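What follows is one structure encoded as structure tokens, with my remarks underneath.
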Amino acid sequence: MMNKKQILFLLSVLLFGLSSCINDESSYGGNTIPTLAIEGNNNTDMPIVNFNLGEDCIIRPTIQYSGNSPLQYRWSIGTYKDGVKGTLEQVSTDQNLTYKFLSGGTYYAHLTVTDGSVGVAADYQININRTFEKGYLLVSNDPQGKGNLAFVKIMTPEEIAAGIPQISMEHIIERMNENISLRNIKGAIRGVITWPTTVHRILASTEDRCYFFDPNTFTIISNMNYEDVFRGFKATGFFADGYSPFVYDSIAKKFVNLNLAYMFPYEYKSYKGLTFDDCFQCSYTAWGNTNYTNMFVDYGTSEVKELDINTGDICTTGTILAEENIISAFLTGPQGYIRNELVLTVSKTNPSQYYLHEFAGIPYIAQNGPGTKTAITVNSSTAVPKRGTRFAFSEKNNRYFYPIDNRIYVFLPSAAAPMPQQNEWAITFSEGEIITYMGVNADSDELYVATCTVATQRGNFYIYKCADIKTDNQGHITPIAEYRNVADRISSIIYKPSL
């Protein structure tokens, strides 16, 4: 056993040996230890970076390194809520972080850098703005048929006060879902399930399938292939319904309905054998829900058909309109417990003679009679709508709006001259724009207008107060919001509230 003097001698030898390897210049084995640091990193505060949901989160750290060895990087992501850091998950070994978040919120990124001898770490707080919280969904396609679902965010008062530029985003489905590209989008709707719990979904249809999306992230929940119901089915139209939205193949003359609750396609027996040239869909709010009336128009036979939801039968106007050509179909405001159907026609033998038919329910013609018929005489200067024109209805003001090329006119059914003259437009756009969509948000009584700039084939979006839109206010009607060049050619606009 060593005595005390032997132990002290051994320790002195060991200390002398160590001092020969590590000197005051931070060297090891005669080599200087390299310095490694991440610029902006400290031990107390995390740098804060902000991104919008749908954008790539990109962080490019500035590395200060005095050595020559290759550096190794490791990025990990975790949640960060109320100052508490969640479990990390490694996502990248690149120098720069490029990462797609699928939901809004606050996160943190942890970066470690090493050359094998020395290492350093840094944390970043990442705020992902909820881009799709509240705003407008624009359905559009480019001239080549590439689909483009775009979103225009309604900016919060805090964002406006902070001077944050307007947030609008195109191709949101491709941004939020990998390996997908939509072509020939036929439409999109907002579906609601109210029992046993309330569930909100966004649906979009292409020719061959329907996609169900989370309304706050636009990530795909499910998708349906129409060929699972009919081989070779190609949708030519997509239509909302309070219970079961549907698509129609105008070539095969077949329907596919979509179950909102369990997300599967099926054939609804009541639509078997129904054929039509055009579907005029009118929405309205009643009993706290959005309801739809679909009027199926056959231009060749001058018939309007409608589903009787009580019996499941398809009812028709029969020969009532046989001597006239149908121009459009739309609804009145509430008439007690119902809304009457309006059908605008023109005489087949006298092009200056138009008629406005009003039916107290097409399914009840046999019970209530053929309805009323009001003659409307026009001349060469009258602003006559084209066949297939959709009328947008402001129930609060009892006015209908309809487009002709780049102008918006007001239709007043009870007026002596329901259709104005061509120079009595309410709103006009530049000669280089044509109107591609109009619709009224009944809750806010706002008119949504989409135009297409002919030279670029790009879409623009305007919002007006319906109360402002009248013929005697010509030249003084300005939009309350205007979003230019935000999509391709827009075919419909959906308001999306916070859900």
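In this text, all values refer to a predicted model and were calculated from it rather than measured experimentally. Residues take their numbers from the sequence shown, with the count starting at 1.
- Using a distance-only test at 3.5 Å, with no hydrogens or angles considered, a donor-acceptor pair links the side chain of Gln474 to the main chain of Trp425.
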Would Lys254 and Asp249 count as a salt bridge (charged side-chain N to carboxylate O under 4.0 Å, His left out) if you check the C-alpha gap in whole Å, the side-chain angles of each, and the deciding distance to 0.1 Å?
CA-CA 5 Å; Lys254 292 184 180 296; Asp249 184 334; over 6 Å; no

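- Salt-bridge annotation for Glu433 and Arg458: absent, with no side-chain N of the basic residue lying under 4.0 Å from a carboxylate O of the acidic one.
- Phe280 has its ring centre no less than 6.0 Å from the ring centre of Phe330.
- Ion pairing of Lys234 with Asp208 is absent here, as no side-chain N (NZ or NE/NH1/NH2) approaches a carboxylate O to less than 4.0 Å.
- In the model, Asn129 has a side-chain atom that pairs as donor or acceptor with a side-chain atom of Asn52 under 3.5 Å.
- Smallest separation of non-hydrogen atoms from Leu138 and Val152: CD1-CG2, 3.9 Å.
- Of all the heavy atoms in Leu97 and Val91, the pair that sits closest is CD1-CG2, 3.9 Å.
- Formation of a donor-acceptor pair under 3.5 Å by the Asp277 side chain with backbone atoms of Tyr299 is found in this model.
- Side-chain contact annotation: Gln422 with Thr382, donor-acceptor N/O pair under 3.5 Å absent.
- What you find for Asn294 and Glu306 is that their closest heavy atoms are O-CG, 3.8 Å.
- By the 30° and 60° cut-offs, the orientation of the rings of His357 relative to Phe359 is parallel.
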Which is it for Asp488 and Asn148 under the side-chain hydrogen bond (donor to acceptor under 3.5 Å, both in side chains) test, yes or no, and what are the steps along the way?
CA-CA 7 Å; Asp488 293 305; Asn148 180 6; 3.1 Å; yes

Taking it one step at a time, do Phe246 and Tyr248 satisfy ring-ring contact (aromatic ring centres under 6.0 Å, His included)?
CA-CA 7 Å; Phe246 58 90; Tyr248 180 62; 8.3 Å; no

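- Between Phe429 and Tyr462, the ring planes lie tilted relative to each other; the angle falls in the 30° to 60° range.
- Considering SG of Cys452 and CD1 of Ile434, their distance stands at 5.5 Å, rounded to 0.5 Å.
- Side chain to side chain, Asp214 and Thr219 fail the donor-acceptor criterion of an N or O pair below 3.5 Å.
- When each of Phe461, Tyr464, Tyr437 is checked for a side-chain contact (heavy atoms from CB on, under 4.5 Å) with Val449, only Tyr464 meets the rule.
- A distance of 8.5 Å separates CG of Asn223 from SG of Cys210, quoted to the nearest 0.5 Å.
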Carefully, step by step, assess Asp228 and Arg209 under the rule salt bridge (charged side-chain N to carboxylate O under 4.0 Å, His left out).
CA-CA 10 Å; Asp228 290 343; Arg209 64 183 60 239; over 6 Å; no

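- Between Tyr211 and Phe213, the ring-plane angle classifies as parallel under the 30° and 60° cut-offs.
- The closest donor-acceptor contact from the side chain of Thr236 to the backbone of Ser250 lies under 3.5 Å.
- Residues Tyr284 and Phe393 place their aromatic rings such that the two centres sit no closer than 6.0 Å.
- More than 12 heavy-atom neighbours from other residues, nucleotides or ligands sit within 6.0 angstrom of CD1 on Ile180.
- The pair Lys373-Glu324 meets the salt-bridge criterion, with a side-chain N (NZ, NE, NH1 or NH2) lying under 4.0 Å from an Asp/Glu carboxylate O.
- Asn177 places a side-chain N or O within 3.5 Å of a backbone atom of Ile173 that can act as its donor or acceptor partner.
- Ring orientation note: the planes of Phe411 and Tyr402 are nearly perpendicular, at an angle over 60° on the 30°/60° scale.
- The two residues Cys279 and Phe276 come nearest to each other via the heavy atoms CB-CE1, 3.8 Å.
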Does Asn406 form a side-chain hydrogen bond (donor to acceptor under 3.5 Å, both in side chains) with Ser430? I'd like the steps, not just the answer.
CA-CA 7 Å; Asn406 65 328; Ser430 68; over 6 Å; no

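- The minimum heavy-atom distance linking Leu137 with Ile202 is given by the pair CD2-CG2, 3.9 Å.
- In this structure a side-chain-to-backbone donor-acceptor pair under 3.5 Å is present from Gln335 to Gly333.
- At a cut-off of 3.5 Å, with distance as the only test, a side-chain donor of Asn216 or Lys496 sits close to an acceptor on the other residue.
- The two residues Glu170 and Asn485 come nearest to each other via the heavy atoms OE2-O, 4.3 Å.
- In this structure, Phe230 and Phe233 have parallel ring planes: the angle between them is below the 30° cut-off, well short of the 60° mark.
- Counting only distance, with no hydrogens or angles, the side chain of Arg201 and the backbone of Leu260 share a donor-acceptor pair below 3.5 Å.
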Test Asp313 against Lys305 for salt bridge (charged side-chain N to carboxylate O under 4.0 Å, His left out), laying out the working first.
CA-CA 10 Å; Asp313 297 328; Lys305 307 168 187 178; over 6 Å; no

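- For the pair Thr471 (side chain) and Ala426 (backbone), a donor-acceptor distance under 3.5 Å is absent.
- Salt bridge Arg183/Asp142: absent, no basic N to carboxylate O contact under 4.0 Å.
- Checked against a 6.0 Å centroid threshold, the rings of Phe132 and Phe218 count as neighbours.
- Using modelled atom types, one finds a donor on one side chain and an acceptor on the other under 3.5 Å when comparing Ser244 with Asn257.
- The aromatic rings of Tyr483 and Tyr136 are tilted relative to each other, their planes meeting at an angle between 30° and 60°.
- Counting only distance, with no hydrogens or angles, the side chain of Asn473 and the backbone of Asp468 share a donor-acceptor pair below 3.5 Å.
- In this structure, the side chain of Lys186 does not engage the main chain of Glu207 through any donor-acceptor pair within 3.5 Å.
- With ring centers used as reference points, Phe401 lies 6.0 Å or more from Phe391.
- Of the charged side-chain nitrogens involved, at least one lies within less than 4.0 Å of a carboxylate oxygen, so that Lys153 and Glu159 count as a salt-bridged pair.
- Here the side chain of Arg399 pairs no donor or acceptor atom with the backbone of Ala392 at under 3.5 angstrom.
- Salt bridge status for Arg407 with Glu424: absent, with no side-chain N to carboxylate O gap under 4.0 Å.
- Remark: Lys396 does not engage Asp445 in a salt bridge, criterion side-chain N to carboxylate O under 4.0 Å.
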